[in-house]
Amino acid sequence: MTSGRYKRHAAATADGGWRRFCFDLLADDQADAGLGHRLVSGLILLGIVACALAIVLVTVPGLDARSGFWLDRVREATDILFTVEYLLRIWIAPDYIHAGRVGATSMRRRYMTSFLGVIDLLVILPFWINLVVPFPRDLFLTLEMFTLFKLARYLPGLGLVAGVLRRELSALGAALMTVGVLLVIASCIMYVLENEAQPEVFGSIPQALWWGIVTVGSVGYGDMIPVTPLGKLFNGFVIVLGVATFAIPAGLLASGFAEEFKRREFMVTWRAVASLPLFSQLDASSIAEIASLLKPQVVPAGAVIVRKGDRAEAMFFIMAGEVEVEILPEPVVLGAGQHFGEIALLNRTDRTATVSAVSACRLLALEVADFQRLLQVHPTIREHIASLAEQRTAQRKTAEGDLPPAV
């Protein structure tokens, strides 16, 4: 499954069983991943590294036969591990949240045709095909090195590269086409300028193309140097032009990375907001509007999130982890899906209790100005928050009076 897109489908896994057990071990992006999931992920990562290292070491000249034998066994073991993983991922695909609407067969097909599913298949295909139709050894080792692409599941940056290239493909194609046209024209001009002076070096336009490639792509390798004054002048012009020309696709990729990162961050926030009970009844556009106002925060265990007596500047939604509200007669623990901090904002008072993270938490913060604007635009949410605040206030009155020991 592509990273971050699916969660476990509760109806599909309610009956337990081996498939649920395997799902818990392998499923991507589990907020509450257990020790087994972390161990399996670590084993797969170790297999990826071991396979790549074995491929590199087996090509070392002078390697003795015994070492080569064991390196081949390491590669075979990792290929079998990845095959088992691939088959299990196909098996557990129906346990993802879309299965309730799409169906088991469609979910399995969706995984197999996804980016990571295709990568998982391409990694193991060379091993099994080689058993039937042996490849040349160097080609086989090269194909085996594609195992490194499996890191895309664990390193979001690799998936980000694929997303950027997909989104910017047309613009990059136009930029590279421009570079190609300029390269051919520059090579033709250099051929005309240098052919008579260096017929053995610039004897044809295809030969001059090599000069054009290394000059536009860098500053030249030194194996083809113009000697005529016009040739040297034109060579300097092409070097400057090459730097400027390659800045275009570089700029496209840089802006593409920034946009893709913002888009993915927004989608994560959107899904998080949609999962909150307070906003679950809103339409997609309203959720998108609210998601743009929320700011994600990661709080380590034991950290103080808000302190009693501080100025109230935001309310918080808990996405993962637990927090403890220090009130009398005993502290209250809030978990994922709940929120805190709204009472002080509604009453425009300072914090009346300290809130600390019981475990590592992922929070979404809604600052006071955005909070007020949200309540104005969405009266239903205002009524719901006010109702919850009244309930909390009534439940948490202190012996001193009506001051709510809430945040």
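Predicted model, so just to flag it, every value in this text is computed and none were measured.
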Evaluate the side-chain proximity of E322 to C361: yes if any heavy-atom separation is below 4.5 Å, no if none is.
no
With a 4.5 Å limit on heavy-atom distance, are the side chains of L45 and L151 in contact?
yes
Taking E144 for its side chain and D79 for its backbone only, find out whether a donor-acceptor pair lies under 3.5 Å.
no
Lys/Arg cation over aromatic Y111: R109, 6.0 Å, 45° cone:
no
Would you check if D350 and K308 make a side-chain contact, meaning some heavy-atom pair closer than 4.5 Å?
no
Would a distance-only check, ignoring hydrogens and angles, find a side-chain to backbone donor-acceptor pair under 3.5 Å from E324 to A357?
no
CA sep, side-chain torsions, deciding dist, call: Y191, F202, ring-ring contact (aromatic ring centres under 6.0 Å, His included):
CA-CA 6 Å; Y191 164 74; F202 293 91; 8.6 Å; no
dist I124:CD1 -> I119:CD1 (nearest 0.5 Å) comes out at 12.0 Å
Ignoring hydrogens and angles, tell me if any N or O in the side chain of E85 forms a donor-acceptor pair with the backbone of L81 under 3.5 Å.
no
Look only at the side chain of D310 and the backbone of R351, and say whether a donor-acceptor pair between them is shorter than 3.5 Å.
no
Heavy-atom donor-acceptor pair, Q338 side chain to G335 backbone, under 3.5 Å
yes
With a 3.5 Å distance limit and no angle check, can you tell me whether T215 reaches the backbone of G212 through a side-chain donor-acceptor pair?
no
Under 3.5 Å: donor-acceptor pair, side chain of R108, backbone of W91
yes
With rounding to the nearest 0.5 Å, note down the distance linking CD in E326 to OG1 in T354.
5.0 Å
As an exercise, state the distance from CH2 of W128 to CG of L131, rounded to the nearest 0.5 Å.
6.0 Å
What's the separation between atom CG in D72 and atom CG in L141, rounded to the nearest 0.5 Å?
8.0 Å
As an exercise, state the distance from CE of M107 to CD1 of I90, rounded to the nearest 0.5 Å.
13.0 Å
Supply the atom-to-atom distance I55 CD1 to F146 CZ, rounded to the nearest 0.5 angstrom.
10.5 Å
Under 4.5 Å between any side-chain heavy atoms of V323 and V358, yes or no?
no
Backbone N or O of H37 within a donor-acceptor pair of the S41 side chain at under 3.5 Å?
yes
